[in-house]
Amino acid sequence: MIRTVLLHKADELYLAKCAQEHKFSYGIIVGHQAELNKSVVVHMARNNEEDADLEDLSDVRLTISDINSQALASQWLSASKMCPGSFDVIGIFISSVRPDVASEDSAEFKNAKKLFSDVYDTLLKSSKTFGVYTTDVAQTDFVFLAYSLANKKVLCKNYSYGKHCKKTYFTANIKCIICGGIFTDMEHRFVEKPFEWIPLECNFDMDDVIPINDPARRINIEEQFQNIIVAMRSNLMASEVFLQNEMVEDTIELQAYIKKKKTKEEKEKNTSTAPRESTTADQAPLELLGNNQSSNSQINGAIRASIVLPLKCHLNNDTEIKVREFNGSMRMSGILSTRIYCNPRNSIADVKRFLRDDVLRSLVTRIQVYCDGLTDPHVTNEAIYISEPPRRVYFTLPSDSDGKKANSVHSPVQFSEYLFRGEAPTVVVAQAKQILDIELDPETIVLDAEGLPDDANFLSAGSGVLRDIETQGMPSSMPKRELSRSLYMLGISVALLVLLVSVALHFALNGQQ
């Protein structure tokens, strides 16, 4: 079955605007998988990394072969970190005033295949975690979209990376070393009606302890954080997701669940003769966040979800209890804010996967941003070391103006960025402009979705916690146990010295007599 990609009319205006102003533009496509063979374009972002190197943007004669794959891969990876778990970067777009860019028989189209291959290779080499943002299988099919302002023509193709083509020369079953992947046919449609998005929210409570098995005296923090990602991904894959505190069947569609829930509530309201008492946990209303409950950090009308992790003893099939020694431990503590936007046709199984993916993506991104700022990733295993990763903040895609759209019926779509303690919202504004090509007002950024951590919880946690020496000074690099032992030995030494002096004085006095 041929894949289909749906675009809004505002996307066509944005492509035309890029071609008119810059003659030749390229960038990324952020989308959502609505059905098995249907994707919806959520946002397009022009790559502007090379604008500073060009003196006259209106007189640029570039081609696809001139595109910097490194710059495009960097934008791709950065945008992936900003997307909610239900969205992802699904492809690349080209916009030009020349007609050959949208011709399948032109040399430009042949160069597009090499561009895709180079970008994907760069992503795999530059990021160890690329492809692990999901608890499912990472995507290998992408969208290539070329727009020509000369004839208003659009060329849309499906690019498959890692799929066997007609050639027989393969490298580690990853891709053909001759063709570098394949292009297949893909349908596209521009629609007038805004896309409908259903928001879901979840606050994921993290409180776990992971052992450190590295026997070295100085351990690598980045490597230990990778162990956290692996452990959390395993736990999320085995977790269960509840919607409105209910277990919902995976096979039904999200819109069917909402309709069934509303019908049930209306029926109970009509059949009730007495005033309705407060709802119990298993009878929570569909819209938990009413007007009197909503705040700046919450989405009004969002479906509340809960992720329940399995007990660790249930993850192992062994019935015997095993005792293992380790050289330290890491404690994860805090609450992760999660927001996703789903298509009404998504199945409940997809909704649950998107929620898990958002938690995992948020955790991976925080760790990456935190590790990028470390001057020395090593720390002695004899010290207490507290790490404070950045917190998540949200911003809304701008409304329909200047070729941009807010394609939502129920709620504006929100992306996210991460701020360290003390960083200003202007950092988010700059990142959104550079990566997503949008203008933001700092006042509209949601900063209170996640709170700052309480340092007192860590200071009294014991010797199994790591302390961030770059953000807060350590009161002592020596654990209290060793300090007590040293004082004890010093006391014994002083006592023995006093005893020896006393004995010597005693014999000296007796000898004089």
Side-chain angles (χ1 to χ4, degrees), residues 1-47 64 79 83 86-106 108-109 112 116 139 141-159 183-198 255 341-346 396-413 415 436-438:
M1 183 179 293
I2 298 179
R3 285 187 64 195
T4 302
V5 58
L6 299 180
L7 303 96
H8 193 264
K9 277 293 182 180
D11 293 319
E12 188 175 13
L13 297 177
Y14 181 69
L15 291 170
K17 174 178 174 287
C18 290
Q20 288 173 350
E21 295 183 357
H22 308 286
K23 305 302 181 183
F24 182 90
S25 298
Y26 62 92
I28 58 170
I29 304 173
V30 178
H32 167 79
Q33 185 175 345
E35 299 177 23
L36 183 61
N37 292 299
K38 181 183 293 184
S39 298
V40 176
V41 173
V42 179
H43 182 70
M44 286 185 174
R46 173 182 170 270
N47 188 290
I64 294 180
C83 295
S86 52
F87 300 159
D88 209 341
V89 179
I90 63 172
I92 299 171
F93 77 86
I94 308 292
S95 180
S96 175
V97 294
R98 297 166 50 187
D100 58 338
V101 74
S103 175
E104 193 171 346
D105 300 325
S106 66
E108 286 285 82
F109 180 72
F116 245 118
Q139 63 172 340
D141 291 327
F142 303 93
V143 178
F144 171 74
L145 190 143
Y147 175 83
S148 172
L149 184 63
N151 51 18
K152 310 294 184 182
K153 183 180 178 182
V154 176
L155 175 64
C156 191
K157 289 289 183 179
N158 179 79
Y159 175 79
F183 274 129
T184 55
D185 293 335
M186 187 177 205
E187 295 181 353
H188 71 279
R189 293 203 309 268
F190 290 98
V191 296
E192 296 278 357
K193 185 179 178 181
F195 300 121
E196 181 179 359
W197 301 109
I198 299 177
Q255 61 182 0
Y341 300 84
C342 296
N343 186 281
R345 299 296 300 273
N346 285 136
T396 304
L397 291 185
S399 58
D400 191 357
S401 63
D402 202 23
K404 298 288 184 176
K405 66 177 184 300
N407 52 357
S408 174
V409 175
H410 286 183
S411 176
V413 172
F415 282 50
L436 298 178
D437 192 26
I438 58 176

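Numbers here simply count residues along the sequence, with the first being 1.
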Measuring only between side-chain heavy atoms, which start at C-beta, is V30 closer than 4.5 Å to F415? yes
Checking N151 against S148: is there a side-chain donor and acceptor pair closer than 3.5 Å? yes
Looking only at heavy atoms, the pair that brings A45 and L436 closest together is CB-O, 3.4 Å
Checking S25 side chain against H22 main chain: does a donor-acceptor pair fall under 3.5 Å? no
Would Y159 and T184 count as a side chain to side chain contact (heavy atoms under 4.5 Å, CB included) if you check the C-alpha gap in whole Å, the side-chain angles of each, and the deciding distance to 0.1 Å? CA-CA 6 Å; Y159 175 79; T184 55; over 6 Å; no
Contacts of type ring pair (Phe, Tyr, Trp, His ring centres under 6.0 Å), residue F144, not counting sequence neighbours: F183
Identify the heavy atoms of F87 and V413 that sit nearest to each other, and give their distance. CE1-CG1, 3.3 Å
Between CD of E104 and NZ of K153, what distance do you get to the nearest 0.5 Å? 8.0 Å
L7 versus V154: any side-chain heavy-atom pair under 4.5 Å? no
For a 4.5 angstrom cut-off between non-hydrogen side-chain atoms, does L397 reach P412? no
For the atom pair OG (S95) and OH (Y147), what is the distance rounded to the nearest 0.5 Å? 7.0 Å
Test item: E108 side-chain N/O and A102 main-chain N/O as donor-acceptor pair under 3.5 Å: no
Between the side chain of N346 and the main-chain N/O of A34, is any donor-acceptor distance below 3.5 Å? yes
Just wondering, do K157 and F109 contact through their side chains at under 4.5 Å, heavy atoms? yes
Just wondering, do T4 and H188 contact through their side chains at under 4.5 Å, heavy atoms? no
Distance in Å, M44 CE paired with I29 CD1, rounded so as to fall on 0.5 Å steps: 4.5 Å
Which heavy atom of A19 sits nearest to which heavy atom of V97, and what is that distance? O-CG1, 3.4 Å
Salt bridge (charged side-chain N to carboxylate O under 4.0 Å, His left out) between E12 and K152: does it pass, once the steps are laid out? CA-CA 9 Å; E12 188 175 13; K152 310 294 184 182; over 6 Å; no
Say you draw a straight line from CG of L15 to CZ of F93; how long is it, rounded to the nearest 0.5 Å? 6.0 Å
Are the side chains of W197 and V42 in contact, using a 4.5 Å heavy-atom criterion? yes
After noting the C-alpha distance and the side-chain angles of Q33 and D88, does the key distance pass the side chain to side chain contact (heavy atoms under 4.5 Å, CB included) rule? CA-CA 9 Å; Q33 185 175 345; D88 209 341; over 6 Å; no
Evaluate the criterion side chain to side chain contact (heavy atoms under 4.5 Å, CB included) for residue pair H32 and N343; output intermediate values, then yes/no. CA-CA 8 Å; H32 167 79; N343 186 281; 3.6 Å; yes
Is any side-chain heavy atom of V143 less than 4.5 Å from a side-chain heavy atom of N158? no
Closest approach of C156 to V5 (non-hydrogen atoms, all atoms of both residues): SG-CG1, 3.6 Å
Could you tell me the separation between the CZ atom of F190 and the NE2 atom of H8, rounded to the nearest 0.5 Å? 11.0 Å
Heavy-atom side-chain proximity of F24 to I94 below 4.5 angstrom: yes
Distance check, rounded to the nearest 0.5 Å: N47 atom CG versus I28 atom CD1? 8.5 Å
Check whether the side chains of R3 and N37 place a donor and an acceptor atom closer than 3.5 Å, and report yes or no. no
Where do L6 and F195 land on the side chain to side chain contact (heavy atoms under 4.5 Å, CB included) test, with the steps shown first? CA-CA 9 Å; L6 299 180; F195 300 121; 4.1 Å; yes
